[in-house]
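Lettering of chains follows the sequences in order, A, B, ..., and the numbering in each one begins at 1. The structure displayed is predicted, hence computed values, not measured ones.
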Number of protein chains: 2
Amino acid sequence: MPSTDHSPAPGEPVLVLLTAGPGGAPTPRLADPAAPHLTVTDQGATRGDGLFETALAVADASGVFAMRKPGAHLGRLAASAAALLLPVPEAPVWEEAIAAGLAAYADANEVAEGDRLAVRLTVTRGPEVGPGEPPRPSAWVLLSPAARPDPAERRAGVRVLLLDRGLDSTVAERAPWLLTGAKTLSYAVNMAALRHARAHGADDVVFTSADGYLLEGPTSTLLISRRGADSARRLVTPLRQKGILAGTSQSVIFAAAQAEGWALGYGPLVPADLEGADGLWLVSSVRGVLPIRAVDGREVPVDQELTELLQGWLDADVDPGDHLTGDPVRDEH
Amino acid sequence: MPSTDHSPAPGEPVLVLLTAGPGGAPTPRLADPAAPHLTVTDQGATRGDGLFETALAVADASGVFAMRKPGAHLGRLAASAAALLLPVPEAPVWEEAIAAGLAAYADANEVAEGDRLAVRLTVTRGPEVGPGEPPRPSAWVLLSPAARPDPAERRAGVRVLLLDRGLDSTVAERAPWLLTGAKTLSYAVNMAALRHARAHGADDVVFTSADGYLLEGPTSTLLISRRGADSARRLVTPLRQKGILAGTSQSVIFAAAQAEGWALGYGPLVPADLEGADGLWLVSSVRGVLPIRAVDGREVPVDQELTELLQGWLDADVDPGDHLTGDPVRDEH
């Protein structure tokens with residue numbers, strides 16, 4: 001049982017702080033998400049210096065929540081921490097905090113099967129410390145009620161703009177300080193790109209590299225379905241080495257597609273590869289599988305059946321675990 | 001007089017929150033900098049979504065602090081806010097908050113001439129709000145005692161690495177969503193670059209563009225002194241349009257140099273331009289004028305007399321005001 005200084009109210013988010021205990025090991029503590037918990041010197045707030053993960057938890061028929069693909073999320077969190085040289089809680093501590101948060105939400109609410117929570121894990125570098133002092137990272141889990149998928153939105157799809165991310169596709173390998181593979185808190189550019197898209201008649205963004213490769217969405221991974229010369233189904237995603245995040249949802253969907261006999265492909269991909277596809281999607285943990293219906297104002301085919309198939313694979317929730325690092329196949333199609 | 005819920009203690013930082021009042025206009029309020037003031041949903045902490053400025057205040061012989069070049073800092077803050085589409089307090093509100101903070105610090109401390117405070121202005125996008133609700137940005141001024149310049153450090157100089165910033169020099173013009181000219185809170189890459197330098201035997205960094213131009217330091221502007229064919233002194237800095245921040249200290253120093261009859265030059269500059277210089281410096285508001293003594297492990301000349309001259313110009317503190325936007329001269333040397 002976590003210690004608590006707060007009882008969650010129905011319908012409200014649940015916050016679990018991971019506060020360093022006297023022995024140094026962080027312990028989960030329920031706290032009021034509407035109250036302030038961060039100082040103005042926290043390096044998360046002053047420099048975007050930290051990392052995060054956003055996962056989905058879904059309630060079963062008994063009203064018990066389970067977070068999807070915890071291994072993939074905690075594995076990627078550890079990889080981001082390594083890139084940032086940021087000390088973070090160990091996986092069992094996160095698991096305990098997540099379980100405590102899910103239980104606290106369920107205690108405070110009437111839960112129906114299929115209810116959903118967005119589960120955000122965050123670590124910042126914490127307040128500045130003096131030279132030689134140990135770092136005091138801030139870490140927490142925030143669980144927020146999330147809407148059920150909107151079938152109308154899933155049918156309608158999203159309009160995307162292709163926007164230059166400014167980085168060329170080789171930079172990740174030669175410039176690790178650019179943190180391209182880490183899910184850091186420095187998301188101002190991602191947010192500005194989304195605002196730019198919305199101000200220009202679109203809903204979302206697919207970033208491209210400076211040398212013209214397709215990358216990812218600001219908060220999602222790009223998937224493409226096409227048929228090969230042998231007319232076999234093929235599911236394709238941009239090459240991870242090009243400086244994009246390892247997609248946890250993409251990984252789940254790929255494993256299921258492979259089990260169903262689909263061929264898998266990993267970029268490099270260029271905008272011309274969007275032509276002639278059976279379907280394009282942005283996938284992410286909470287929003288799920290969203291079909292793209294227009295790219296830079298040009299309509300593209302939306303295949304509702306394929307969308308439902310991919311969403312079903314994601315919902316089947318086979319945790320890909322921590323095999324997320326590296327692409328199994330490099331596809332120079 | 002600002003309202004207060006805190007009396008600053010001697011030697012401690014002073015925090016002035018700009019809290020929205022009932023009428024909507026933010027009013028300064030003294031608060032405890034060691035207490036939490038930000039929620040875990042503040043978009044500064046969750047996405048590095050916000051902006052900042054760091055200025056220097058120095059005490060005069062009467063023990064009265066004045067912040068240097070307020071016009072330049074508030075002008076750049078407004079430019080960052082425009083790039084981020086972020087509503088921020090108006091200049092008079094900042095001026096009132098800064099004055100309140102400086103007075104509170106002076107009240108709580110024995111102040112000697114030349115005492116220094118780092119004055120950090122920060123605005124985040126605040127907590128998430130629902131669709132249609134007005135944004136609730138978090139804004140504050142933090143005033144922290146800063147060490148006097150260390151003459152030994154100024155003589156010794158800093159070793160820098162040239163590190164690729166990953167962006168090419170034309171991207172600022174074609175991709176405004178990359179926010180290259182805004183001083184955002186998304187500084188994870190700047191911090192990672194500094195850690196990389198320190199792990200590789202250097203003290204600081206000069207970023208280069210993907211296409212090979214010199215840019216700036218992670219928290220400073222690059223200055224170069226050289227002699228022209230006519231042996232006239234020439235002070236040169238990278239071209240601002242290449243996607244770097246407008247340097248407030250560079251602007252002050254350039255204005256003074258011009259008044260002294262120096263020629264001024266604005267890039268584009270490449271690493272070869274570092275050869276044959278009389279001196280190289282990183283300049284910033286709080287650390288001042290720091291000579292570079294090695295670039296990628298190769299020693300470069302340090303001219304202590306020139307360093308003192310430039311520092312003197314910076315200390316003379318002629319506020320360049322808001323003429324910071326755009327370079328007056330483009331120099332294709």
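For B:Ala182, no part lies near chain A; criterion is any non-hydrogen pair under 4.5 Å. Using a 4.5 Å cut-off between heavy atoms, A:Asp42 makes no contact with chain B at all. The parts of A:Leu178 that come within reach of chain B are both its backbone and its side chain, each placing non-hydrogen atoms under 4.5 angstrom from that chain. Proximity to chain B (any heavy atom under 4.5 Å) is restricted, for A:Arg120, to the side chain, taken from C-beta onward. Contact of A:Ala197 with chain B is not made at all, since no heavy-atom distance falls under 4.5 Å. Heavy atoms of B:Ala35 lying under 4.5 Å from chain A belong exclusively to its backbone. If you measure heavy-atom distances from B:Thr46 to chain A, the contacts under 4.5 Å come from both the backbone and the side chain. Only the side chain of A:His196 comes within less than 4.5 Å of a heavy atom of chain B; its backbone N, CA, C and O stay farther away. Of the two parts of A:Leu194, neither the backbone nor the side chain holds a non-hydrogen atom closer than 4.5 Å to a non-hydrogen atom of chain B.
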| request: Let me see the working for A:Val40 and B:Thr122 under side chain to side chain contact (heavy atoms under 4.5 Å, CB included), right down to the final yes or no. | output: CA-CA 9 Å; A:Val40 296; B:Thr122 309; over 6 Å; no
| message | As a quick check of understanding, evaluate side chain to side chain contact (heavy atoms under 4.5 Å, CB included) for A:Leu38 and B:Thr39, giving each step before the final call. | response | CA-CA 6 Å; A:Leu38 304 173; B:Thr39 67; over 6 Å; no
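Ranked by heavy-atom pairs under 4.5 Å with chain B, the list A:Gly50, A:Gly44, A:Ala45, A:Pro13 is led by A:Ala45. Listed options B:Leu17, B:Thr41, B:Asp164, B:Thr124 were ranked by heavy-atom pairs under 4.5 angstrom with chain A; first place goes to B:Asp164. Interface remark: of the candidates B:Gln43, B:Arg174, B:Arg125, B:Arg125 forms the most heavy-atom pairs closer than 4.5 Å to chain A. By number of non-hydrogen pairs under 4.5 angstrom with chain B, the leading residue of A:Gly48, A:Ala210, A:Ala188 is A:Ala188.
A:Trp177 pairs in a side-chain contact (heavy atoms from CB on, under 4.5 Å) with only one of the listed residues (B:Leu163, B:Leu161, B:Asn190), which is B:Leu163.
The side-chain heavy atoms of A:Met191 and B:Leu84, taken from C-beta on, include no pair separated by under 4.5 Å.
Looking at every heavy atom in both residues, A:Ala192 comes nearest to B:Leu179 through CB-CD1, 3.8 Å.
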